[in-house]
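Just so we're clear, the structure is a prediction, and the values are computed from it rather than from any experiment. Position 1 is the first residue of the sequence, and the numbers go up from there.
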Amino acid sequence: MMSCWDILERRARVDRDKAAEAVSEVRGKISEQQALCDRTREIAEQYQKKITATQGAATHFGDIQLYRTSLKQMQQAISYIQTQIATLEMELSRKQRLLTQAELERQKYQKLIEREKAHIAQLAAHREARELDEIGGQLHYRKTKLA
């Protein structure tokens, strides 16, 4: 027989699993953005090296200007990606709080289920003890009647 606590615990478990999935999804997005930021930084470093290398040599001014423009674009991209990561981290924090709340709710129902099972076992033990007492009393009564 399924009690109301079992049903509520099952719902809480489903909610907890959904919250855990949402946390995992946001973590994945953060990881992707971090990888993108790292790759963009590498490209920006390459442009910086090219600018440094071409400044000493007799190079066309247009080349240096192109590298500087590209470097500035990469720096803007890095700034944008970092903003995205910060936004995702705030979202992750919020979703982790929801996950914690969902898990606490599930644990609450789990404890109520365990308490109910213990209560049922205690009632069964009392009933069994009463039945044994009755049998013992009947046996004692029969023995005294036979004696």
Side-chain angles (χ1 to χ4, degrees), residues 1-140:
M1 179 179 108
M2 185 167 270
S3 74
C4 63
W5 302 128
D6 291 315
I7 294 167
L8 291 170
E9 191 272 340
R10 185 181 302 155
R11 285 183 186 166
R13 190 172 348 116
V14 167
D15 290 345
R16 188 246 358 239
D17 291 347
K18 285 180 184 176
E21 191 175 308
V23 165
S24 178
E25 185 178 310
V26 173
R27 281 187 178 145
K29 288 179 182 178
I30 288 173
S31 180
E32 289 171 7
Q33 289 296 309
Q34 193 60 53
L36 179 61
C37 190
D38 292 343
R39 285 194 309 269
T40 307
R41 273 196 182 103
E42 289 172 10
I43 293 169
E45 288 173 14
Q46 290 172 1
Y47 282 129
Q48 186 63 51
K49 288 177 184 174
K50 287 194 184 245
I51 290 170
T52 306
T54 55
Q55 281 178 341
T59 331
H60 190 269
F61 178 74
D63 291 344
I64 294 175
Q65 198 60 31
L66 178 66
Y67 291 142
R68 285 186 180 153
T69 303
S70 298
L71 177 60
K72 188 171 283 193
Q73 289 172 343
M74 291 299 112
Q75 289 169 339
Q76 289 171 347
I78 290 168
S79 178
Y80 175 77
I81 294 167
Q82 288 173 332
T83 303
Q84 292 294 105
I85 290 171
T87 302
L88 287 168
E89 285 175 345
M90 287 190 302
E91 184 180 344
L92 176 63
S93 178
R94 188 177 57 78
K95 292 198 183 282
Q96 284 175 325
R97 280 193 304 276
L98 292 174
L99 174 59
T100 299
Q101 290 170 352
E103 176 58 16
L104 290 173
E105 189 76 5
R106 187 201 66 78
Q107 288 177 6
K108 175 180 76 174
Y109 290 125
Q110 186 62 41
K111 285 183 180 171
L112 288 168
I113 290 169
E114 290 168 7
R115 186 182 302 160
E116 184 178 46
K117 286 178 182 177
H119 180 70
I120 290 170
Q122 186 180 26
L123 289 176
H126 285 339
R127 185 176 51 244
E128 189 177 306
R130 222 175 321 125
E131 290 171 0
L132 289 174
D133 286 346
E134 286 177 24
I135 292 171
Q138 289 173 0
L139 287 175
H140 179 68

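Residues E9 and R13 meet the side-chain proximity criterion, which asks for heavy atoms closer than 4.5 Å. In this structure, the side chains of Q122 and H119 come closer than 4.5 Å at one or more pairs of heavy atoms. Side-chain contact between L112 and E116: absent, with no pair of heavy atoms (C-beta onward) separated by less than 4.5 Å. Between T52 and K49 the shortest side-chain heavy-atom distance does not fall below 4.5 Å.
More than 12 heavy atoms of other shown residues, nucleotides or ligands fall within 6.0 angstrom of atom CD in Q82.
Considering all non-hydrogen atoms of both residues, L88 and V26 come closest at O-CG1, 3.4 Å. Closest of all the heavy-atom pairs between A44 and I78 is CB-CD1, 4.2 Å. Scanning all heavy atoms of the two residues, the minimum distance from I43 to M74 falls at CG2-SD, 3.6 Å.
For residues 87-97, the pairs satisfying side chain to side chain donor-acceptor pair (under 3.5 Å) are S93-R97, with sequence neighbours left out.
Under a 3.5 Å cut-off, the side chain of S24 and the backbone N or O of A20 do not form any donor-acceptor pair. Side chain of S31 to main chain of R27: no donor-acceptor pair is present (N/O by atom type, distance under 3.5 Å, no hydrogens or angles).
Rounding to the nearest 0.5 Å places CD of E32 at 14.0 Å from SG of C37. Here D6 contributes atom CG and R11 contributes atom CZ; the two are 12.0 Å apart, rounded to the nearest 0.5 Å. Atoms CZ and CD1, from R115 and I113 in turn, are 12.0 Å apart once rounded to the nearest 0.5 Å. Between I51 atom CD1 and I64 atom CD1 the span is 8.5 Å, to the nearest 0.5 Å. Distance OG1/T83 to CD/Q33: 10.5 Å, rounded to 0.5 Å. In this structure, CD on E21 lies 9.0 Å from NZ on K18, to the nearest 0.5 angstrom.
In summary, the side chains of E42 and Q46 do not present any donor paired with an acceptor at a separation below 3.5 Å, with no hydrogens or angles considered. A donor-acceptor contact closer than 3.5 angstrom links the side chains of Y109 and E105.
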Self-check item: side-chain contact (heavy atoms from CB on, under 4.5 Å) evaluation trace for K72 with T69
Solution: CA-CA 5 Å; K72 188 171 283 193; T69 303; 5.8 Å; no

Quiz item: Can you check side-chain contact (heavy atoms from CB on, under 4.5 Å) on D38 and Q34, steps first, answer last?
Solution: CA-CA 6 Å; D38 292 343; Q34 193 60 53; 3.5 Å; yes

Exercise. Step by step, work out the salt bridge (Lys or Arg N to Asp or Glu O under 4.0 Å) result for E134 and R130.
Key: CA-CA 6 Å; E134 286 177 24; R130 222 175 321 125; 5.9 Å; no

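With salt bridges taken as basic N to acidic carboxylate O contacts below 4.0 Å, one links E103 and R106.
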